[in-house]
Asker: 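If you scroll down you'll find the structure; I have some questions about it.
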Amino acid sequence: MAGSKTKFNTKIGAILAAAGSAVGLGNVWRFPTETGEHGGAAFIFLYILFMIILGVPVMISELSIGRYGQKNVSHSFSSMSGGRKVWGLMGFLPVIAGFLVLSYYSVVAGWILEYLYEAVTNSFAGKSPDEYAADFGAFSSDVFRPIMWLFVMLSITCVIVALGVQRGIERGARIMMPILFICLLVLAVCSFTLPGAQKGLTFLFSPDFSKVTGATVLSAMGQSFFSLSVGICCLCTYGCYFRKDVDLVKDSLSVASIDTIVALMAGLIIFPAVYSIEGLEPDAGPALIFITLPNVFQQIFAGMPALAYGFSLLFYVLLVMAAITSTISMLEMSASMFIRKYKIKRPVTCVIVTLVCFVLGSFCSLSFGKWSDVTIFGMGIFDFFDFLVAKFLMPIGAFIICLFVGWVVDKDVLRGELTNGGTLRQPLYPVYRFVVRFVAPICIVLIFMNELGLF
Ligand code: PHE
């Protein structure tokens with residue numbers, strides 16, 4: 001059938017692609033970092049709560065808007081609104097957000113490639129604890145090396161996306177997601193046998209609500225957004241490739257569950273490891289996976305170099321897989337409009353978007369070294385990009401999406417999309433509708449006001 005290549009071929013492929021987008025550095029890097037900084041179990045409890053009341057409803061909304069229109073985000077919004085052209089402007093949100101997020105996220109993803117390279121060449125062996133920090137500092141502030149890895153990362157992403165929806169994105173997810181799960185499982189099981197396992201588990205699973213502050217609540221909300229890739233129409237873009245017989249509610253719940261499980265497993269790997277060394281603390285911030293962990297792996301397996309080697313290698317393979325399945329979705333969200341609305345050839349679009357992101361990403365990378373005094377609104381370039389995406393575009397986008405499905409779209413159209421034209425029972429539909437009309441928008445306004453420092 002002509003055009004069928006522009007849909008995900010199988011139901012599992014569609015779920016894996018969406019899960020691939022969601023599961024990323026947000027789970028294996030940002031989640032442990034945030035959990036460490038906000039005191040552990042109580043943060044996790046709130047994060048899961050917000051996944052349920054905020055992340056999942058926005059995800060269901062994005063997927064249903066995309067799937068309704070089938071062509072591109074712009075077309076989906078205007079046709080679902082009953083033909084109001086102004087809603088088509090929402091099609092530009094994923095284009096802009098895609099450029100921004102891909103540019104800075106790929107910088108960190110590039111660092112991971114460097115660390116994978118170091119793991120492969122066994123360069124962690126024999127370093128002293130101080131050397132890890134010094135080496136990371138020297139590497140991230142260097143001009144050439146991080147930019148070279150940025151280029152490699154973007155090129156891999158570009159090739160996969162240029163291959164198309166089925167042959168690139170779906171196949172990539174079907175290959176990489178199982179590898180990711182296997183790495184996770186092996187690492188988590190090994191982590192349980194470490195001396196710090198008990199302490200790590202207590203930190204992760206016994207909440208101390210006295211530690212919860214306003215900042216904890218709001219960070220947990222922000223993390224649920226970023227982790228599910230919702231708010232900037234990334235999943236709306238993927239929704240256009242979903243077939244009409246997919247159960248969007250069930251799929252969203254599966255994706256959110258996979259995402260949460262991966263985040264928790266990352267925690268199960270990292271915290272027992274951190275606690276198994278005397279004197280290390282879980283709140284090491286972003287340095288956790290680049291300084292603390294390589295050091296930890298060498299120390300706990302000090303007498304067994306093969307295990308130290310294997311553990312480090314698996315860990316960075318896991319991170320690379322997680323990062324690539326997410327960067328793919330970021331490139332696709334920018335590229336899709338040009339390909340589907342303006343009919344520019346897929347490979348040409350991918351190369352152009354990649355080059356632009358390479359230039360922007362290089363600026364972000366330089367902001368860790370040579371350009372560290374260049375600031376925009378008081379932030380370095382990298383931090384500014386992150387702020388724009390995660391703390392500005394995501395909440396605003398999610399807010400508009402909720403208002404759109406809750407108040408603009410005809411309720412029979414929405415119900416029709418979620419029940420696949422009345423063929424599925426959707427007992428949770430009234431709850432979903434109530435959430436997108438009232439609960440989610442109010443929560444989002446609260447996050448946003450916090451980000452703006454209004455309270
Ligand atoms: N959800 C991804 C992660 O956890 C990040 C992401 C954000 C992906 C926005 C796509 C769009 O790493």
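Atoms within each ligand, like the ligands themselves, are counted from 1 in listed order.
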Asker: For Phe8, does the six-membered ring have the charged nitrogen or CZ of Arg243 within the cation-pi criterion, i.e. under 6.0 angstrom from the centroid and within 45° of the normal?
Answerer: no
Asker: Given the rule in the ring pair (Phe, Tyr, Trp, His ring centres under 6.0 Å) test, do Phe404 and Phe77 qualify, once you have shown the distances and angles that lead to the verdict?
Answerer: CA-CA 9 Å; Phe404 181 72; Phe77 268 90; 4.7 Å; yes
Asker: Parallel, tilted or perpendicular: which fits the ring planes of Tyr115 and Tyr316, with parallel below 30° and perpendicular above 60°?
Answerer: tilted
Asker: Under a plain distance cut-off of 3.5 Å, with no hydrogens placed, do Asn420 and Asp245 share a side-chain donor-acceptor pair?
Answerer: no
Asker: Tell me whether the rings of Tyr47 and Phe31 are parallel (<30°), tilted (30 to 60°) or perpendicular (>60°).
Answerer: tilted
Asker: Write down, by chain and number, every protein residue that brings a non-hydrogen atom to less than 4.0 Å from an atom of ligand 1.
Answerer: Ser21, Ala22, Gly24, Leu25, Gly26, Asn27, Tyr105, Phe226, Ser227, Ser229, Ile232, Cys234, Ser326, Ser329, Met330, Met394
Asker: Does one side chain, of Arg174 or Asn9, offer a donor that lies under 3.5 Å from an acceptor on the other?
Answerer: no
